[in-house]
Amino acid sequence: MDQRMNKEKVKDLASQLYAAIAELLHKAAALLKEHKAPIAECLVKEIAKPAKDSVTEIVRSGDLVSYCAEEGVRILGEGKFLVFDSFPGNERTKYCLTSKIPLGVVLAIPPFNYPVNLAVSKIAPAIIAGNSLVLKPNSAGFPKGLTSCITGKGSEIGDFLTMHPGVNCISFTGGDTGVAISKKAGMVPLQMELGGKDACIVLEDADLDLVAANIIKGGFSYSGQRCTAVKVVLAMESIADSLVEKVNAKVAKLTVGPPEENCDITPVVTESSANFIEGLVMHAKKKGATFCQEYKRDGNLIWPLLLDNIRPDMRIAWEPVLPVIRINTVEEGIHHCNASNFGLQGCVFTRDSNKAILISDAMESGTIQINSAPARGPDHFPFQVTYNSLETCQAIFNLCCVWISRFEGQWNWITRGHQQHKPDDQGEDHCDQLANSFLRHGLIPPLTSTAE
Ligand SMILES: NC(=O)C1=CN([C@@H]2O[C@H](COP(=O)(O)OP(=O)(O)OC[C@H]3O[C@@H](n4cnc5c(N)ncnc54)[C@H](OP(=O)(O)O)[C@@H]3O)[C@@H](O)[C@H]2O)C=CC1
Ligand SMILES: O=C(O)[C@H](O)COP(=O)(O)O
């Protein structure tokens, strides 16, 4: 009896769910912004992100949480209404209503480089859509059970989490690890944002001052460790000398040192990262690349370096090291860009808008910026990717499809369409799952048995 009453209560609450969660998210956003200074300090200490960029990341994350709350209530409130006779051979005897329902438990795994922003970009959409969430590695501020945090090394606990039968969706951002996860995870929806090899194609007619400024911003901010960093410059031979000169002049002005002092270039995240970069630099040197600056390293701190006359047979370096490949035709540039499997973003610099559009179309990357460096933000813009960067979309819900038959003047609800969630060990049905979801959200009190 109590169970039934609670299920009724769940139905009553359904219309309030999104609005109630949106309120929680707005509170979380306000908390994030209120505590931006101590949280940013953690980023400075843990990942050596320059202090001002760390604060920006927290503020931007707060804004994103609020944005998800606002958009979520609108988007999730929308459904579809289809009529049977819109497909050949049918009469209007049936209708179909679709709405969105939660997937269940979402496992969120963000990377090191935007630990707050890329965590909230998974948390907020999952939560507003009515899911509960397990985050590796951090989370706070929601009712008990709605979000959980499991810390540990990915190499040790990763398989346990990603192959856990209670997980209904995995939202991952990182490198090749995502490819391995996709092979192990089985039949759960995956949202993957993986690495990018973002190319910057520069044509003869480009505004070279603008290009140089964007190469510096795109290639060297957070020491080149953004997935949207410019990773290779593909410059037409006729302007390459002039462009390299302008970029070099700006590289010389970059400050190098600790994140606390807001230096432009700060230590890369781990010693193994620094060793990896050094390996690539040494390989390029052996193969005859032109070093525009002296290669300099102190521990994990690597001074910014532009490597000119890079050829495709060199294992091209990135992070605070930026390679320049000189090209003679646009086709050559497109070919180098498309040789990578990591088509996250790219950019084209030219004054010719027709060419810009044609080249953008030919570049096999999710997003191409014209006359501007690659960037994910503003965070509400679509962030499309191709190939091993995989599909990206942070909205997390199932489409709940309801067919309605009109039969002899009556409306019959005949089926509830697909639900991709895995039933748990207790064989929860959809309504139980919703009820438990509400419980987890703290929107209804726990069931108490009055039967005895
Ligand atoms: N496309 C995009 O939007 C973005 C992509 N990136 C990419 O992320 C990469 C850098 O981030 P990084 O953190 O080094 O990436 P990794 O792929 O190494 O790690 C990403 C996350 O996965 C965890 N992990 C590691 N092994 C496993 C496993 N077996 N199962 C489950 N989880 C696991 C890591 O935990 P642990 O740290 O404990 O190992 C970490 O939390 C770069 O390639 C960058 O291009 C970064 C930002 C945005
Ligand atoms: O994916 C990343 O590395 C960050 O989300 C980059 O965001 P940005 O390009 O807006 O700095």
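Remember, it's 1-based here, ligands and their atoms both numbered in the order they're listed. Remember, predicted model here, so these are calculated numbers, not experimental data.
- More than 12 heavy-atom neighbours from other residues, nucleotides or ligands sit within 6.0 angstrom of CD on Glu237.
- Heavy-atom proximity to Ile109, at under 4.0 Å, picks out these atoms of ligand 1: 21 (C), 22 (O), 23 (C), 31 (C), 32 (N), 41 (O).
- From the protein, the heavy atom lying nearest to atom 5 (O) of ligand 2 is Arg376 NE, 2.6 Å.
- Scanning both residues, Leu103 and Asn131, for their nearest heavy atoms gives N-OD1, 2.6 Å.
- Counting atoms of ligand 1 from 1 in the listed order, those under 4.0 Å from a heavy atom of Lys153 are 38 (O).
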Would Thr266 and Lys49 satisfy side chain to side chain contact (heavy atoms under 4.5 Å, CB included), going step by step from the backbone distance to the final call? CA-CA 7 Å; Thr266 54; Lys49 185 166 278 196; over 6 Å; no

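- Rounding to the nearest 0.5 Å places SG of Cys169 at 7.5 Å from CG of Leu190.
- Here the heavy atom of the protein found nearest to atom 6 (C) of ligand 2 is Thr228 OG1, 3.4 Å.
- Looking at Leu118 against ligand 1, only its side chain comes within 4.0 Å, counting heavy atoms.
- Below 3.5 Å of separation, one finds no N or O of Ile181 facing any N or O of ligand 1.
- Polar contact with ligand 2: present for Arg60 (N/O pair, distance under 3.5 Å).
- Between Phe112 and ligand 1 there is a heavy-atom distance shorter than 4.0 Å.
- At a 4.0 Å heavy-atom cut-off, ligand 1 touches Phe172 through the side chain alone.
- Those atoms of ligand 1 with a heavy atom of Leu344 less than 4.0 angstrom away are 1 (N).
- Every atom of ligand 1 with a heavy atom of Pro110 under 4.0 Å away is listed here by number and element: 21 (C), 40 (C), 41 (O).
- In summary, Arg326 and Asp241 engage in a salt bridge, as defined by a charged side-chain N under 4.0 Å from a carboxylate O.
- More than 12 heavy atoms of other residues, nucleotides or ligands shown are found within 6.0 angstrom of CD on Glu260.
- Shown here is His335, whose NE2 atom has no more than 12 heavy atoms of other residues, nucleotides or ligands within 6.0 Å.
- Backbone and side-chain nitrogen or oxygen atoms of Cys227 are examined, and one is located within less than 3.5 angstrom of a nitrogen or oxygen of ligand 2.
- In Asn113, the part holding a heavy atom less than 4.0 Å from any atom of ligand 2 is the side chain.
- Considering only non-hydrogen atoms, atom 33 (C) of ligand 1 lies nearest to Thr177 out of Leu194, Asp198, Thr177.
- Rounding to the nearest 0.5 Å gives a distance of 4.0 Å between OH of Tyr295 and CD1 of Ile302.
- Against a heavy-atom cut-off of under 4.0 Å, Thr173 is close to the following atoms of ligand 1: 2 (C), 3 (O), 4 (C), 5 (C), 20 (C), 47 (C), 48 (C).
- Heavy-atom proximity to atom 48 (C) of ligand 1, evaluated over Ser273, Cys227, Ser155, Gly175, is greatest for Cys227.
- Separating the CD1 atom in Ile325 from the CG atom in Asn309 is a distance of 10.5 Å, to the nearest 0.5 Å.
- A 4.5 Å side-chain heavy-atom check between Cys292 and Val251 finds every atom pair outside the cut-off.
- In this structure, Arg74 does not pair ionically with Glu78, as no charged nitrogen and carboxylate oxygen lie closer than 4.0 Å.
- Proximity of Phe291 to Leu307: side-chain heavy atoms (C-beta onward) are separated by under 4.5 Å at one or more points.
- The atoms of ligand 1 that sit less than 4.0 Å from any heavy atom of Asn113 are 46 (C), 47 (C).
- Remark: Lys285 NZ is loosely packed, at most 12 non-hydrogen atoms of other residues, nucleotides or ligands lying under 6.0 Å away.
- Of all the atoms in ligand 1, the ones that sit under 4.0 Å from a non-hydrogen atom of Gly152 are 38 (O).
- Where the criterion is an N or O separation shorter than 3.5 Å, residue side chain and backbone included, Thr162 fails it with respect to ligand 1.
- The distance from ligand 1 to the heavy atoms of Gly195 drops below 4.0 Å at these ligand atoms: 43 (O), 45 (O).
- Only side-chain heavy atoms of Lys136 come within less than 4.0 Å of ligand 1; its backbone N, CA, C and O stay farther off.
- Here is the list of ligand 2 atoms found below 4.0 Å of a heavy atom in Ala375: 9 (O).
- Counting heavy atoms under 4.0 Å from ligand 2, residue Glu57 does not touch it at all.
- In this pair, Tyr222 and Phe112 present their aromatic rings tilted. The plane angle is within the 30 to 60° band.
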